[in-house]
Structures are given as structure tokens and as C-alpha cells.
Amino acid sequence: MLKLAAATAPAWTDRVLADLDTLLIDHAHCEKKAAGMAINLIFQYPHHAFLHAPLSRLAREELVHFEQVLEILAARGHAFGAQKPAPYAGCLRKEVRTHEPARLLDLLLICALIEARSCERFECLANSEVGEPLRSFYAGLLASEARHHGIYVRLARELAPAEEVEARLRPLALREAEILADAPDWIRMHA
């Protein structure tokens, strides 16, 4: 179901396991940004009613995940704080076309890819030596992230014909894989 062009290298899991607290701070930022992106799309496209209810529900769920990560950080004795973001999302945003409706289509598909990558990385963590309760936490997030990926793809198909969606999704997925391959070796969910 996930439309990724390349799998995460095992080295990513090894790298993040060495500094889980930094990863958790980044994870909290990712959940917050995902909620914000869903809300921003509602604000930017008020005339596309098909976006409103699904993205509103998605934003609320992302905020619940944000709160859950904050609780995990607190239980581990760490506070949420500022962190230099990985270049991943910014590089993906450079692929967005500037004219409508292509711009909205690209934003929806990029959100789908980010959710798919998060899902895949949560699976890596759930199957790693991360230990409990994090193993169960990440295993529990898998279904949500896969569903979020599916929501964005479904919304894209409401905007454009399925053939157009698939034709655009493939090069974006290839670009997403290239961005990750060139990403710095930071402890980040998307690096």
C-alpha cells in the first residue's frame, strides 16, 4: 500500500537507537507539523469541501500523537524543545508546482509520502531493540500512519483522475528516496 520508492536502510535504525531522546523530540515536532499541515490545507483551500472533515480528523489525531510523545519524553526525564529541522520536508516542498490544481495535488501527495515514510520508520522501530514501552507505542502508530497515507492519496484522487495521481506520485516518490539518500546522518525521523 505504501507508495515509497526505496526502503529505509538498516543503518537508520542503528543510528536512532543510539539517541532515542533526540529522536523522540524530533518525532514530537513531526506530529505537530503534520497537524499543522492538515489545518493549513483547510485554511488554504476553503472552497474544497472534500478536504475539510478528513483533514480535521487527521489533525486531531496527529495532535493526540504529539501529546503522547510529550508524555513519553516527560516519563524519560526530557523536555520538548527547539530542534534544527532536517532538510527533508523543505526539499520535498521544492517539488510542488506553483499553479492550481497541480499545487494542491502535489501537496496532498507529498503529505502521503511523508506519512508513508513515517509508517515505515515506525515499523522499523517497532521491530527493533527499542524496548518497551516504545516498541508497543510505535507498533500502535503503524495503523494510524498507514491510514493517514491512504487519506491523502484518496483526497488526491478526489481532486484528479487516478491515472494522473499515479503518474505524479511515482516521480515524487523517487525524489523522496533521493532526498533521504542525500540527507545528513542526524538523529531525525526523516533523515
Side-chain angles (χ1 to χ4, degrees), residues 1-4 24-73 80-122 137-138 140-173 175-176 179-180 188-190:
M1 174 181 172
L2 302 179
K3 304 288 186 175
L4 299 171
L24 285 164
I25 291 169
D26 184 60
H27 181 183
H29 280 286
C30 291
E31 297 291 357
K32 178 179 54 99
K33 287 185 256 183
M37 184 63 186
I39 292 168
N40 284 338
L41 287 170
I42 293 169
F43 276 103
Q44 290 174 14
Y45 296 96
H47 53 288
H48 286 308
F50 70 94
L51 297 173
H52 301 164
L55 291 181
S56 176
R57 286 189 296 271
L58 189 146
R60 285 195 305 274
E61 189 170 17
E62 297 287 17
L63 286 173
V64 168
H65 296 163
F66 171 67
E67 293 168 6
Q68 290 171 331
V69 179
L70 293 180
E71 289 173 9
I72 291 169
L73 278 165
F80 177 69
Q83 188 181 54
K84 182 178 179 176
Y88 173 82
C91 290
L92 278 172
R93 292 283 303 236
K94 290 177 184 175
E95 302 302 313
V96 175
R97 296 171 288 182
T98 58
H99 59 283
E100 295 295 352
R103 180 180 183 276
L104 176 55
L105 179 62
D106 288 355
L107 288 171
L108 293 170
L109 294 177
I110 286 170
C111 287
L113 289 168
I114 292 170
E115 295 290 345
R117 183 62 65 187
S118 296
C119 181
E120 186 226 16
R121 293 211 162 164
F122 291 166
F137 174 65
Y138 283 113
L141 290 180
L142 286 172
S144 294
E145 298 303 306
R147 188 174 62 260
H148 296 171
H149 165 75
I151 288 168
Y152 280 114
V153 171
R154 183 176 47 78
L155 291 173
R157 288 182 179 146
E158 288 190 44
L159 181 68
E163 314 80 56
E164 182 181 341
V165 170
E166 293 304 318
R168 184 62 179 152
L169 185 54
R170 184 68 184 149
L172 287 173
R175 181 66 185 124
E176 187 267 353
I179 291 166
L180 276 183
R188 298 293 189 274
M189 192 60 68
H190 300 107

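Residues: numbered from 1 along the sequence shown.
C111 has its side chain within reach of M37: a pair of non-hydrogen atoms, C-beta onward, lies under 4.5 Å apart. E95 is not listed as a side-chain neighbour of L109, based on a closest heavy-atom distance of 4.5 Å or more. Put simply, the side chain of L155 reaches to within 4.5 Å of the side chain of L55, judged on heavy atoms. Counting only heavy atoms from C-beta outward, the side chains of T98 and R103 never approach each other to under 4.5 Å. Residues V69 and I25 have side chains not in contact (no heavy-atom distance under 4.5 Å, counting atoms from C-beta outward). Side-chain contact between K3 and H149 is present, with at least one heavy-atom pair separated by less than 4.5 Å.
Not a single donor-acceptor pair under 3.5 Å links the side chain of E31 to the backbone N or O of H65. At least one donor-acceptor pair under 3.5 Å links the side chain of H52 to the backbone N or O of P46. Of the possible polar contacts, none joining the H148 side chain to the E115 backbone as a donor-acceptor pair under 3.5 Å is found.
With a 6.0 Å radius and a threshold of 12 heavy atoms from other residues, nucleotides or ligands, R97 has its CZ atom above the threshold.
Residues R117 and E145 are not paired through a salt bridge, judged by the lack of any N-O separation under 4.0 Å between the basic side chain and the carboxylate. Between R57 and E61, no side-chain nitrogen of the basic residue sits less than 4.0 Å from a carboxylate oxygen of the acidic one, so the salt-bridge criterion is not met.
Applying the side-chain contact (heavy atoms from CB on, under 4.5 Å) rule to K94 yields no partners; only residues at least two apart in sequence or on another chain are considered. Remark: E166 pairs with R157 by the side chain to side chain donor-acceptor pair (under 3.5 Å) rule, at least two apart or across chains. With sequence neighbours left out, the side-chain contact (heavy atoms from CB on, under 4.5 Å) criterion links L70 to A28, F66, F80.
The aromatic ring centres of Y138 and H27 sit less than 6.0 Å apart.
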